[in-house]
Structures are given as structure tokens and as C-alpha cells.
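Scroll down for the structure; my scribbles are underneath it.
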Amino acid sequence: MQSLLNDLALFQNALFGGLIVAMVLGLLGVHVLLRRIVFVGIALSQWAAVGIALSFLAEGVALFDKSGFFGLCRNHWIMAVAAEMLGLALLLRGDERHLSRETRIGIGWAVAGSAAVLCVTHTALGMEELKNLLTGEVLFLSREDLVLLAVTAAPVIAMSIALQGRFFLIAFDRDLALSLGVHVRLWDGVFYLLLGIILAISIHMVGVLFAVGFLILPAAAALSLARHRGSLPMWSVGIAGISYLVGFVVSHPLDLPTGPSAVAVAGIIFIVAASVHRFRA
Amino acid sequence: MNDTTVPLLSLKGVALGYGSQRVLEGLDVEIARAAYVGIVGPNGSGKTTLLKAILGIHPPLAGEVRWGGAAGLRPHIGYVPQRDAIDPLFPFTAIDVVLLPLTALRSVWSARDRRERAAAIDRAHVALERVGLMSVARQRYSSLSGGQRQRILMARALVTEPELLVLDEPTSGMDLGSTSRILDLVGALRSERHLTVLLVSHDLTLVAQRAESVLLLHEKGYLYGSTNDVVSPKALTALYGDGVSVVDVGARRIVIPSSSTVTSPAT
């Protein structure tokens, strides 16, 4: 116990950082599931990984660059958001009659995954960086990471809560929203931007596996448990927070990586929630 | 105050379609206030496309959709979609569904205002009481029967206090009793609130019995006029040849395919 408390003091950045990421992903995950855009979320996270991989590459090039451009490209977070927005533009544009959206998402996911591997293969730490991109290393979050996360997450949380009604309306009945004069394209854009920002920072700090896991699992469990609209985000955020805390605590004595442990806990909670849902039905 | 002599909605030379493909062309129709208009036609005739143009979802390729509201502004429209268009994935209660449009009519930053929220819930309760479903307000929408879900969608339309009620195939797939109850409710609401009603359906008989005017869309164009003029043997024979017959049963007009034969049960 004393050892755990000591470690909590040592890894408090990881504790609070991971908790914030998990809960914000839980909040947005509800809308991702209701809009049936889970694969857009997964593809976005892959594009964010490409951006981060490119920033690793830029670190090497920046040593020989006098213009300063590649210095800017070393910023993981900026590169992740830029790559996501590029990927999103490619995913959402195009002729449905030529290629379905699912096909374009699949192509984007495969191309982005390959690009991320190729970008980091010959960087200084190579496959180690790739592993970090995938599973993340939440324990090594620095104080600066935590500040950046707080500054980024606060407006995302505030806007997600303020716009929740509009997001639900658009997801539930798009035609009704349009008939009421709601600027659906604008709010869609805002939603994707919020999602893109939080995914970019999540993947930079905790990896693709954690980000995708917490985007889907707590929201899926919440859909099984919530009895009305108002409780849906609360269930999702609550399950995300509990999953992370349990995963964090359990991973310590078992000497397991924190991120995958937390995702596994979220998975177990989802199975229990789905069973409860089936029992109720 | 609105000028009651000005039509609520005028379609002037409207062409509808997708990309270069036109579904409807040269549509000139005026819809008076408090009118009850049925829009009928076979699949692919452009009923849904026209509906979307009126709702502002899909702008016309040519022509103009003009509103006769104050300063030419579009009035509040109560839109009742087909109940099966609603995704069952959402764990929404009946009152959640009724409250949804109000979130669009409030400013983003007042969404958490308690007084506004209480007022919205009051309005939702009034709408639910009017459709006779206050008792299921806290039940999950997806667990309700087809008729109840359709009435919840009508309550959702009423909560915005609309001037125009647009119903898209509201009785499709319903039994006779539920169909009758839904259409009786539409008629009662129209009388109480002086609503203009646009009822989209593929069922000519149903529309002939309820609507005062009919807009009949067909592959050669459209026919618009009073129900007696449009759903008449002369007009329908011109359109479908000998394929349909119009029979008056008391005050009701029934359209039946001519090939239908009434057979006696075997003895």
C-alpha cells in the first residue's frame, strides 16, 4: 500500500493526465457511437499517428534546416492535428457514387498506418517510437504535458457540454435539424474539430490503443446502461474515469503497462454492461 | 399579424432533382393558410424531394420557394418523419425525443439555464398531453408501439408551436385503427391551432378522405387542385388509363385498381 502511495506521488502526472484524457474521450465517444462514425474515429487516430511520426522525422531534418520550418514541424501536437484535418478532408469529400465512405475510410486507415511505420523506421529510436505511438506510455507524462492537456481539454469539455443538445439533435434526426434552420455543416465541423484536437493530444500522450479504446468502450457500455438522454454522457464519463483509475492501480502490482490495463478494464465493464442490458431486455 | 389572403407557401417554376437528374420541373403551386393538402404519387415521383425542398433541406435546382409569413420569413414547421427513420440505438425516452427541437431554438449558451429548461419541459408535457401520451413520457422511445412512436413524433412537431405541419407517410405500415387515430389527431390539431397540413402519402384513398386539396405527382408532371377534381374518374383515367376506378361510398371516395375483383368466400 505504502509503495502504491509512493508511486501515486511519483506518477501523479500520469494519474491526472490519463484520467482527463479518458474522461474527455468518454464524453465525445457517445456522439461518435450515436453518429455511427466509429471508423472515422479510428481512421482519425491513425492520421494523428502519421502527423506524430512525421514530427519525429522532422526532428532529424531540423538539424540541417536553416529556415526554421522543420523546427515547427517537430511539434507533435500541431502535426497530429494538421494530419487529422487533411485525412478528414479526404474522408468526407468525394463522390459517394464512386467510392463509399467506408471504402475511403478503409483506404485512409491502411495508407495512414503504413505511412506512420515508414516515417519512423529510420528515425533515431525507430521501432521504439512506433511502439509508443501504438500503446503510448502514459507513466512518462511530464508537467508540461499535463498543462498542455488541461489548456486543450478545458475548452473541448466546455464546448462539448454546451453543444451537447445540438450534437444529439443532428445525430438523432439530421433532417429535423435542417428543417429547424440548424447549421448542420457548421456544427459537424465543430464536432470533428473537437474530436480531432482531443484525439491528437491523446495519441501524442497515451497512444492509439488507449485513445481508440476509450473513445469506444465507455460510450458502448453507457449505451447499454443509460435509461435517458441526460444520463448517457454521465455514464460514459464515469465509466471512463473508473476504468482508468482501476487500470492504473491494478497495473502497478502486476507490473503491466498502464494504458492497455485501463483499456482491458473498460472492456470488462463493457461486457458486464452488455450483460445487464440483455438481462433487462 | 399575418395576411390571411397571402398563401402560406408558393412554389414558382420549381425544378427538383439531384445533380443533373431532374425529378420534377415547372412546379407552380400555392398553398393557402390552414389548408389540408395531400401530396401523393408513386415511388420515385419526387414526393420526398419536394418535401425536402419545402423543409429547406434540399434547395430546388430552379425556381423559387416563397413563404407568406411576416416579412417573407419561413414559419415554424413541425416535421413528422416516418417513425422508422429514427435510429433505435439512441437510449432516449419519449420526453427526450419531444424536447430535442427546443435545443435548436435556444442559444448555445443558454442550454444549461434552469428556467429555460423548466419552461421547455412544460412545453413538452403540454405536447405529450395533447397527443394522449403523457403516461409514457419516461419510457424508452424504441420500446413504444408504432402508433405511439408516431404520436410522439407529432408531439415533437407540436412543441415548436408550428404554423405548418408536414407529415411524411405518417401511417405507413400501421393497422386500420392506428391509422384512423393518427389522422383524426391531425384533423383535430389542424382545427384547434389553424395549422396548415401537408400530408405526404402514396395512398390516394387515404388522402382523398382527409385532404381538401391534392397535389398528385406522376411521371408526366403533376396535377393540383381540390380533392374532388384531382381524385376523380376523369383525371385518374387520363393519367392511368383504365388502370384505376374511383368509387364513392357514402361521403367517402375510394380509389381501387380496376383489375381488383371482389370474390365471395367459397361456400
Name the option with the most non-hydrogen atom pairs under 4.5 Å to chain B; the candidates are A:Val184, A:Leu232, A:Leu176, A:Asp173. A:Leu176
Closest-packed option against chain A by number of heavy-atom pairs under 4.5 Å, given B:Ile95, B:Ile57, B:Thr93: B:Ile57
Can you confirm whether B:Glu64 is buried at CD, in the sense that more than 12 heavy atoms of other residues, nucleotides or ligands lie under 6.0 Å from that atom? yes
Can you tell me if B:Arg115 has over 12 outside heavy atoms packed within less than 6.0 Å of its CZ? no
Okay, A:Asp175 and chain B: the region with an atom under 4.5 Å from a heavy atom over there is both
So what's closer than 4.5 Å to chain B heavy atoms on A:Ala171: side chain, backbone, both or neither? both
Looking at A:Arg36 and B:Leu89, what are the two nearest heavy atoms and their distance? NH2-CB, 3.7 Å
Close side-chain approach of B:Ile77 to A:Ser179, heavy-atom, < 4.5 Å: no
Region of A:Leu169 that comes under 4.5 Å of a non-hydrogen atom in chain B: both
Give, for atom CG of B:Leu99 and atom CZ of A:Arg229, the distance between the pair rounded to the nearest 0.5 Å. 7.5 Å
Closest heavy-atom pair and its distance - A:Ala226, B:Pro91: O-CB, 3.7 Å
I'd like to know whether NZ of B:Lys52 has more than 12 heavy-atom contacts from other residues, nucleotides or ligands below 6.0 angstrom. no
Need one label for A:Arg174: side chain, backbone, both or neither, based on atoms under 4.5 Å from any heavy atom in chain B. neither
I'd like to know whether CZ of A:Arg227 has more than 12 heavy-atom contacts from other residues, nucleotides or ligands below 6.0 angstrom. no
Which atoms of B:Arg138 are under 4.5 Å from chain A, going by heavy atoms: the side chain, the backbone, both sets, or neither? neither
By number, which residues in residues 19-35 of chain A have some heavy atom less than 4.5 Å away from chain B? A:Leu33, A:Leu34
Closest non-hydrogen atom pair between A:Phe168 and B:Phe90, with its separation: O-CE2, 4.4 Å
